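Accompanying notes for the structure given below.
Quick caveat, the model's predicted, so the values are computed rather than measured.
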Amino acid sequence: MGLSQEEIIKQTEKFVQEFMRPIKEEAHKFGHVDRVRKWALKIGEQEGGVDLFLLEMAALLHDVGRVTETSEIDHYVAGEKIARDFLLSLNYFSPKEIDLICLGVRWHGAGHKEKLVKILQDADKMDSLGAIGVIRTATFLGKKPYYIDEKSFTPLNMSQKEIDEKIKQRPWEKSIVDGLNFCLNFSQYFNTETGKRLAKEKTEYLRNFIQQLKKETINL
Ligand SMILES: [Fe+2]
Ligand SMILES: [Fe+2]
């Protein structure tokens, strides 16, 4: 008897949890992966037109490359290799299914028209918004000043192309607020209607947080 989908998910969870243990930043630990998986399923269920099992697999594996990324190989490319090796070792999925899951891992940042990829991108963005978005950014950029000043970079005033240029080495993150503005900027780029709708509450929360912070700091 072959394994059930539930058993495959359990094995994958276990693998990812173990594999990602060396990651020190709270923002990118397994908790993030788990939330992205839950958002992916919520969006996928409501959006339709996607295999939820393969979507969940892609969500679980999407950030494994964070462990082995280097300055030359980013976590998208590094992650695809780790995911493919793991999926082959399971001896469960067809080559086509493996390709689709790996497509999600490779392109979860941006690009690609495949529905599963689009949903995964939206789910990943979701974890940069709302209260969790605030705390992830604050811990990730913990060594930077948190306040807004005139030198602060505001992605909201820039085109996506300008942001893409800047983000390559992240030289623009002068403060935690830069990071928060960057996350808020994300909210304009949801792919799916479901993602857009589900992100509303978190987007408003983040927008209000930034305004409140400004009120309590530079506008005091
Ligand atoms: Fe990622
Ligand atoms: Fe992620």
Side-chain angles (χ1 to χ4, degrees), residues 1-45 50-71 73-95 97-110 112 114 116-142 179 183 186 195 198-199 202:
M1 265 274 288
L3 292 174
S4 68
Q5 293 189 349
E6 287 74 35
E7 284 165 324
I8 290 293
I9 291 290
K10 275 222 171 70
Q11 280 194 22
T12 307
E13 267 173 16
K14 223 178 131 208
F15 167 76
V16 174
Q17 245 168 331
E18 282 297 317
F19 195 84
M20 292 182 84
R21 217 177 282 283
I23 294 178
K24 294 279 181 291
E25 296 153 8
E26 195 58 43
H28 293 117
K29 283 185 179 179
F30 184 76
H32 163 69
V33 172
D34 192 37
R35 291 186 298 273
V36 170
R37 173 250 296 264
K38 286 174 182 159
W39 279 117
L41 288 174
K42 263 188 222 280
I43 298 169
E45 271 162 24
V50 67
D51 183 319
L52 293 176
F53 177 41
L54 299 185
L55 176 64
E56 186 170 4
M57 287 296 294
L60 281 170
L61 290 162
H62 87 278
D63 268 343
V64 287
R66 291 243 176 234
V67 180
T68 56
E69 68 181 333
T70 63
S71 46
I73 301 167
D74 63 29
H75 82 283
Y76 305 106
V77 175
E80 183 183 12
K81 169 151 181 25
I82 297 158
R84 191 174 294 278
D85 289 348
F86 170 72
L87 292 166
L88 285 169
S89 79
L90 285 178
N91 213 2
Y92 180 88
F93 294 99
S94 71
E97 289 170 329
I98 291 179
D99 283 346
L100 189 54
I101 297 167
C102 286
L103 213 58
V105 177
R106 173 65 184 83
W107 298 102
H108 74 266
H112 221 285
E114 180 66 46
L116 178 145
V117 181
K118 293 274 173 212
I119 293 173
L120 183 54
Q121 288 172 357
D122 281 3
D124 200 23
K125 275 190 206 96
M126 209 62 97
D127 205 39
S128 299
L129 300 171
I132 190 70
V134 170
I135 205 157
R136 283 183 74 223
T137 306
T139 54
F140 185 58
L141 300 176
C183 293
F186 266 5
L198 295 178
K202 276 160 139 314

For atom CD of Glu7, is the number of surrounding heavy atoms from other residues, nucleotides or ligands below 6.0 Å larger than 12? yes

Any side-chain heavy atom of Trp39 sitting closer than 4.5 Å to one from Leu198? yes

More than 12 heavy atoms of other residues, nucleotides or ligands under 6.0 Å from NZ of Lys42: is that the case? no

Check this for me, if you would: do Lys38 and Asp34 make a salt bridge, where the nitrogen-to-carboxylate-oxygen distance has to be below 4.0 angstrom? yes

Evaluation steps, salt bridge (charged side-chain N to carboxylate O under 4.0 Å, His left out), between Arg21 and Glu18: CA-CA 5 Å; Arg21 217 177 282 283; Glu18 282 297 317; 2.8 Å; yes

Return yes if some donor-acceptor pair links the side-chain N/O of Asp63 with the main-chain N/O of Arg66 below 3.5 Å, else return no. no

Using a 4.5 Å cut-off on heavy atoms from C-beta on, say whether the side chain of Phe93 contacts that of Leu54. yes

Derivation of the side-chain contact (heavy atoms from CB on, under 4.5 Å) call for Phe140 and His28: CA-CA 9 Å; Phe140 185 58; His28 293 117; 3.7 Å; yes

Side-chain touch Leu61/Phe19, heavy atoms, less than 4.5 angstrom: no

Given the rule in the side-chain contact (heavy atoms from CB on, under 4.5 Å) test, do Leu116 and Asp51 qualify, once you have shown the distances and angles that lead to the verdict? CA-CA 8 Å; Leu116 178 145; Asp51 183 319; 5.7 Å; no

Quick check: does any side chain N or O of His32 sit under 3.5 Å from a backbone N or O of Lys29, one acting as donor and the other as acceptor? no

If I take atom NZ from residue Lys14 and atom CG from residue Leu60, how far apart are they, to the nearest 0.5 angstrom? 14.5 Å

Working note: Asp85 + Lys81, criterion salt bridge (charged side-chain N to carboxylate O under 4.0 Å, His left out); need CA distance, chi angles, decisive distance, verdict. CA-CA 6 Å; Asp85 289 348; Lys81 169 151 181 25; 2.8 Å; yes

For the side chain of Arg136 and the backbone of Asp127, is there at least one donor-acceptor N/O pair under 3.5 Å apart? yes

So Val50 and Leu52, do their side chains get closer than 4.5 Å, heavy atoms only? yes

Please check if atom CG in Leu90 has more than 12 non-hydrogen atoms from other residues, nucleotides or ligands closer than 6.0 Å. yes

Crowding at CD1, Ile73 (>12 non-hydrogen neighbours, <6.0 Å): no

Do side-chain atoms of Asp74 reach the backbone of Val77 as a donor and acceptor pair under 3.5 angstrom? yes

Short N-O contact, Glu80 and Arg84, less than 4.0 angstrom: yes

Least distance between heavy atoms, Leu55 atom then Gly44 atom: CD2-CA, 4.0 Å

Applying side-chain contact (heavy atoms from CB on, under 4.5 Å) to Gln5 and Tyr92, what does each step give before you reach the verdict? CA-CA 10 Å; Gln5 293 189 349; Tyr92 180 88; 3.8 Å; yes

Could you tell me whether the side chain of Arg37 reaches within less than 4.5 Å of the side chain of Glu13, counting heavy atoms only? yes

If every non-hydrogen atom of Ala40 is compared with every non-hydrogen atom of Ala59, which pair is closest and at what distance? CB-CB, 4.1 Å

Of the non-hydrogen atoms in Ala123 and Val36, which two are nearest, and what is the gap between them? CB-O, 3.5 Å

Using a 4.5 Å cut-off on heavy atoms from C-beta on, say whether the side chain of Phe53 contacts that of Ile8. yes

Are the side chains of Leu87 and Met57 in touch, meaning some heavy atoms are under 4.5 Å apart? yes

Euclidean distance, Leu120 CG relative to Lys125 NZ, rounded to 0.5 Å: 10.0 Å

Kindly indicate whether the side chain of Met126, heavy atoms from C-beta on, has any atom under 4.5 Å from the side chain of Ile43. yes

All heavy atoms of Leu129 vs all of Cys183, minimum pair found to be CD2-O, 3.3 Å

About how many Å separate OG1 of Thr12 and CD of Glu56, when rounded to the nearest 0.5 Å? 8.5 Å

Which heavy atom in Val67 sits nearest to a heavy atom in Pro22, and how many Å separate them? CG1-CG, 4.3 Å

Please work out which of the three classes, parallel, tilted or perpendicular, describes the rings of Trp107 and His112, given edges at 30° and 60°. tilted

CG (Asp124) and CZ (Arg35) are apart, to the nearest 0.5 Å, by 10.5 Å

Closest non-hydrogen atoms of Ser128 and Phe186, given as atom of the first, atom of the second and distance, are OG-CE2, 3.8 Å

